[in-house]
2 protein chains.
Amino acid sequence: MAKTITIPGYDPQKCELRSFIDRVADKWSLMIISLLANSPDEKARFSDLKKSIPGISQRMLTTTLRNLERDGLVNREVFAEVPPRVEYQLTKLGKNLKVPVGQLMAWIEGNWGTIKKSREKFDLKASRS
Amino acid sequence: MAKTITIPGYDPQKCELRSFIDRVADKWSLMIISLLANSPDEKARFSDLKKSIPGISQRMLTTTLRNLERDGLVNREVFAEVPPRVEYQLTKLGKNLKVPVGQLMAWIEGNWGTIKKSREKFDLKASRS
DNA sequence: CGGTATCCGTTATGATACTG
DNA sequence: CAGTATCATAACGGATACCG
């Protein structure tokens, strides 16, 4: 009979982990959080973010920032200027998240080579069958 | 003129960060890694994982495990028994990833309440416009 | 500059049925 | 038990056009 594995201090039924994973783990969020974390004052304007993230569309940048704002990770400040300026800054909660996210990014950076090799090996083996 | 923000020690052009984020950050991977990390011996069989992850379909569990295996994070061992038994175990690399993933999960666990409140507040404000 | 609205193809994922 | 195969559909996300 199958055993249920449990994670200490975490109940998958109670905490809808998935809801948050969908945020941290979507296509652009981690990237945006890392960029903000490494900006002066942990703050950047829309166009800077757009320029700093290769391949992101305006639509997705807007959408992702809104979601981060909704989660209280990012603050949005509009300046009444012409042309308009909008700045995004990590909130206290966002700055806090910076730590684990930074460690994850560092891990990826450090192990990317190994992962790539593993993928090649796996794909090669798969193609021979 | 827009400034490009850079992350120290990480070049978005060189390391295809996105490829890996897509893995760690997809719908089920973090969950599976955490479960394996908290299993005895960091090892569990297919049916245990299935039972421990509310809502996952058999297809997605298979797919996700294959991808984790491809990245060298998880090892798959088939036992020639009837009925068959298949065990998945974190590799050395996977055990290593455990650390940053665990911290992220702990962060989520600790801040989930705050995030939920922020969402409610945001949605309420949005509905009044 | 920093959006929003719309259209639309691609991908991700669930349901279901079948298999060694 | 642990898959695979097939189908259907929902969600994602890019391109484009337009606006304050």
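What you see below is based on every heavy atom in this structure, not just the backbone, and it leaves out hydrogens, waters and symmetry mates. Quick note on labels: first sequence line is chain A, next is B, and so on, each numbered from 1.
Hydrophobic clustering places A:Ile56 together with A:Leu65 (ILVMFWY residues linked when any side-chain heavy atoms are closer than 4.5 Å, directly or through intermediates).
A straight line from NZ of A:Lys3 to C1' of D:dC1 spans 15 Å, rounded to a whole angstrom. Spacing between atom CG of B:Leu65 and atom C1' of D:dA2 amounts to 11 Å, rounded to whole angstrom units. Between the CD1 atom of B:Ile53 and the C1' atom of C:dG14 there is a distance of 15 Å, given to the nearest Å. Atom-to-atom, NZ of A:Lys51 to C1' of C:dC1 comes out at 15 Å; the value is rounded to the nearest Å. At whole-Å resolution of the value, CZ in B:Phe46 and P in D:dA2 are 7 Å apart. Atom P of nucleotide D:dG3 and atom CD of B:Glu87 are separated by 12 Å, given to the nearest angstrom. A straight line from CG of A:Leu61 to C1' of D:dC12 spans 16 Å, rounded to a whole angstrom. Between the CD atom of B:Glu77 and the C1' atom of D:dC1 there is a distance of 16 Å, given to the nearest Å.
Residue pairs meeting the ring-ring contact (aromatic ring centres under 6.0 Å, His included) criterion with at least one partner in residues 37-93 of chain A, sequence neighbours excluded, are absent. Residue pairs meeting the salt bridge (charged side-chain N to carboxylate O under 4.0 Å, His left out) criterion with at least one partner in residues 94-103 of chain B, sequence neighbours excluded, are B:Glu42-B:Lys95, B:Glu42-B:Lys98. Pairs engaging residues 53-62 of chain B under the side chain to side chain donor-acceptor pair (under 3.5 Å) rule: none recorded [sequence neighbours left out].
By the side chain to side chain donor-acceptor pair (under 3.5 Å) test, B:Gln89 is found to be paired with no residue, residues two or more places apart in sequence or in another chain being considered. Every salt bridge (charged side-chain N to carboxylate O under 4.0 Å, His left out) that B:Arg119 has, sequence neighbours left out, goes to A:Asp71. Partners of B:Trp107 under the ring pair (Phe, Tyr, Trp, His ring centres under 6.0 Å) rule, at least two apart in sequence or in another chain, are A:Phe20. In this structure, the side-chain contact (heavy atoms from CB on, under 4.5 Å) partners of B:Val78, at least two apart in sequence or on a different chain, are B:Arg76, B:Val86. By the side chain to side chain donor-acceptor pair (under 3.5 Å) test, A:Arg45 is found to be paired with no residue, residues two or more places apart in sequence or in another chain being considered. For A:Glu87, the salt bridge (charged side-chain N to carboxylate O under 4.0 Å, His left out) test picks out A:Lys43, A:Arg85, with sequence neighbours left out.
Comparing the local axis fitted to the first five base pairs of the helix from C:dC1-D:dG20 to C:dG20-D:dC1 with the one fitted to its last five gives a bend of 50°, rounded to 10°.
Nucleotides of DNA chain D nearest to B:Arg45 and B:Thr62 differ in position, and the one nearer the 5' end is that of B:Arg45.
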Could you list, one pair per line, each protein nitrogen or oxygen that sits under 3.5 Å from a nitrogen or oxygen of nucleotides 18-20 of chain C, together with the distance?
none

Please write out the pairs of protein N or O atoms and N or O atoms of nucleotides 5-13 of chain C separated by less than 3.5 Å, giving the distance to one decimal.
residue, atom, partner, partner atom, Å
C:dT13, O4, B:Arg59, NH2, 3.3

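In this model, the phosphate group of C:dC1 is not approached by any side-chain N or O of A:Tyr88 to a distance below 4.0 Å at OP1 or OP2. Side-chain N/O atoms of A:Arg66 include none lying less than 4.0 angstrom from OP1 or OP2 on C:dG2.
A:Leu90 is not listed as a side-chain neighbour of A:Leu73, based on a closest heavy-atom distance of 4.5 Å or more.
Residue B:Phe79 is classed as having no contact, given no heavy-atom separation below 4.0 Å to the nucleic acid.
With B:Thr64 contributing its side chain and B:Trp28 its backbone, the two residues share no donor-acceptor pair below 3.5 Å.
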